[in-house]
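Beneath this line is the structure, given in structure tokens, with notes to follow.
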Amino acid sequence: MVRTRFAPSPTGYLHIGGLRTALYAYLFAKKNGGKFILRIEDTDQNREVAGAVDIIISALDKAGIHYDEGPIVGGDYGPYVQSERKEIYLKYAKQLLESGDAYCCFCSKERLAEMHEKGATKYDKHCLHLSKQEVQERIARGEPYVIRQNIPESGTHTYHDEVFGDVTVDYKDLEDNILIKSDGMPTYNFANVIDDHLMGITHCIRGVEYLMSTPKYNLLYDALGWERPVYIHLQPIMRDSQHKLSKRDGDAGFEDFLRKGFLPHAIVNYIALLGWNPKDNNEKMSMAELTDKFSIEGLQKSSSIFDETKMRWLNSLYVKEMSAEDFHAAALPYYNEYYPNKDIDYKYLSELLQSRVEILTDIKERAAFLNAFDNFDIELFVNKKWKTTVDMARELIDDCIAATDTDDMNAALEQLAERKGLKKGQVLWIHRIALTGAAATPGGGAEMVKLFGKAEALRRLNEVKKILGA
RNA sequence: GCCACUAUAGUCUAGAGGUUAGGACGUUGGCCUCUCACGCCGAAGACCCGGGUUCGAUUCCCGGUGGUGGUGCCA
């Protein structure tokens, strides 16, 4: 049975990169009929963020990534929060101490800092050579200490990664890293191994930042007599060629994009494509299709740059295929924010807008004419292609009002054009500008009248008449 | 500094020892049209550099360069 996991630290938001890692782990598990587990890695007590776990859970839920085991829902391998598993790590740390694969280290931070200042690139194994007796005495005396992993001083380690192939690391480039901190909490380097094994994780899907330290984890699996998982390392999602997407720059949170008016699945669909390709030219995929097509062979070995423009395009595809009702429901909160209490047919506005917005916040721009009418710019009547002028508008405004007030406005406007010896487009242009005061509107004059209602349309036209001084 | 990973248009990517190097976003020309958008039809735009292997390398190998990552009592 395939078991994968997403193991975020509770930072208070769901990072886009983390979301993609979670997505791949989820897709891989589901594709293989396996289980997807959520585990919270909160061993750094200095980084506690209140409510962070709930935020991650709710974000994953919105994204359509549902975990089989984890906080709240539980499971047979819990607890799923590392801070609640402290005793477990300690137990295995002791085992490693006994087998000589780990040792207690009493070195002060000052000594460590001094070593680095002198050019040392890694810990010198100073405490490895302490006698058993001395170690016991110092612990009994209450001296603070950490437990370090005892890495071989020479030799190389090769392991297989599903996307990078065989990876070889020289032991001399690896440090005797800390397994248990002086506060008794494990570090990631230790906890991830213990938990992945105890939770039965078969495929370890995580960022490339662990590619080089994986041999250390393998050493731990070996020392404990455990089977190593299959490794699948993922390159990061970048903001540009030299920076990762980061919360600091405000471009990294899943929820941020939701607030910008992106649909959850459009985001998921888009990031699925960053670093993975489905081997065909269809880019728009439902969760079921993603699950069906997902494969580690399609995973990219290089990092990829996040392109919000392309995500907008994908989002627009999803917006267009929404039912009119769904789109209207989704748009309503934005109307309330941007154009509350207008005397217009909001339902009809939705119809006009649906093919014209890529993300929901585009509504603000696309229907700005609803608010902007107060600052009417009469120069808008001037159109090069149609050769319309402000004077022409002045001349036609009364007739436009009259035509708008008939039962068949379109016919009336056509007749008006004929009568004046003008092209229909010229009249329509002037009419629409007079109605909206906007060069671009989500529909023509007729649609605008339908949107406003005849009374409001006439009110607007009469106002423009005053502005024109006609 | 040392170590690791990586490299096809602006971006995401496909691809094979010999291809007109394919697709998508974006850009751009046109059509449609009272504007915008949608839709449709076109266009421009790429194999990081240097060696080697080979009849032939963008593809394989080595080196360089660029980028990223690791080198934490962070994960």
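Numbers restart at 1 for each chain; the letters A, B, ... are given by sequence-line order, proteins then strands. Keep in mind the model is a prediction, meaning the values are calculated, not measured.
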B/rC55: pairing nucleotide in any strand, Watson-Crick or G-U under 3.5 angstrom: B/rG18
For B/rC5 and A/S302 - does any side-chain N or O of the residue sit under 4.0 Å from the phosphate oxygens OP1/OP2? no
Whole-angstrom distance between B/rG67 and B/rU8, as gauged at atom C1': 16 Å
Students often mix this up, so state it plainly: with edges at 30° and 60°, are the rings of A/F262 and A/F257 parallel, tilted or perpendicular? perpendicular
Walking RNA chain B from its 5' end, the first of A/T441 and A/I180 to be reached, judged by nearest nucleotide, is A/T441
Applying a 3.5 Å limit to both distances, which nucleotide forms a Watson-Crick or G-U wobble pair with B/rC31? B/rG39
Interatomic distance, CG@A/L299 vs CG@A/N277, rounded to 0.5 Å, equals 9.5 Å
Whom does B/rA9 pair with, Watson-Crick or G-U wobble, provided both distances fall under 3.5 Å? none
Using 30° and 60° as the class limits, which term best fits the ring planes of A/H233 and A/Y231: parallel, tilted or perpendicular? parallel
Side chain of A/D307 (C-beta onward), nearest among B/rG10, B/rC5, B/rA4: B/rG10
Test side chain to side chain contact (heavy atoms under 4.5 Å, CB included) on A/N315 and A/W313 and set out the steps. CA-CA 5 Å; A/N315 199 76; A/W313 163 76; over 6 Å; no
Any-strand Watson-Crick or G-U partner of B/rG69, both distances under 3.5 Å: B/rC3
For B/rC47, the nucleotide meeting Watson-Crick or G-U wobble distances (both under 3.5 Å) is none
Can you tell me how far C1' in B/rG45 sits from the matching atom in B/rU27, rounded to whole Å? 9 Å
Whole-Å distance, A/K384 NZ to B/rU35 C1', equals 16 Å
Is there a side-chain contact between A/K310 and the phosphate of B/rC12, meaning an N or O under 4.0 Å from OP1 or OP2? no
Nearest-nucleotide comparison on RNA chain B, the residue closer to the 5′ end among A/L274 and A/M311: A/L274
